[in-house]
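Heads up, the thing below is written out as structure tokens.
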Amino acid sequence: MSESEIVKDFLVESYENLDRLDRELVGLEKNPKDTDALAGVFRTIHTIKGTCGFSASPNWKKSPTSGRVF
């Protein structure tokens, strides 16, 4: 698999995860006491972080760390 294919796959997966995160955050905003929604937010952030960590770029590895602070 070429580097451009890896980047393309990474971007597709990242957009999907960010879309999911957006929906989960809206749901959590509507019902802040929903622990399942909160768990979903953290699961998605963890997935994004893992995807970035799997990449070869040091810049990608740093970005999602801020999500843990949330």
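Computation of the quantities below employed the complete heavy-atom set of this structure, encompassing side-chain atoms and omitting hydrogens, waters and symmetry-equivalent molecules. Counting from 1, the numbers follow the sequence of the chain as shown.
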If you measure from CD1 on Ile45 to CG on Leu25, what distance do you get to the nearest 0.5 Å?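 Result: 7.0 Å between the selected atoms.
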Atom pair NZ/CD1 of Lys8 and Ile6 - distance to nearest 0.5 Å: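 Result: 13.0 Å between the selected atoms.
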Side-chain heavy atoms nearer than 4.5 Å, only ILVMFWY residues, links allowed to pass through others: does that put Val26 and Val41 together?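 Looking at the clustering, Val41 is in a separate group from Val26.
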Who pairs with Asp34 by salt bridge (Lys or Arg N to Asp or Glu O under 4.0 Å), at least two apart in sequence or on another chain?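 Checked Asp34 against salt bridge (Lys or Arg N to Asp or Glu O under 4.0 Å); zero matches.
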Kindly give the heavy-atom pair with the smallest separation between Thr51 and Glu13, and that separation in Å.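 The pair with the smallest heavy-atom distance is OG1-OE2, 3.2 Å.
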Under 3.5 Å, side chain of Glu5 to main-chain N/O of Ser2, donor-acceptor pair present?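 Indeed, once roles are kept as given, a pair shorter than 3.5 Å links the two residues.
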Thr44: what forms a side-chain contact (heavy atoms from CB on, under 4.5 Å) with it, not counting sequence neighbours?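 Here the qualifying residues are Asn17, Arg20, Leu21, Glu24, Ile48.
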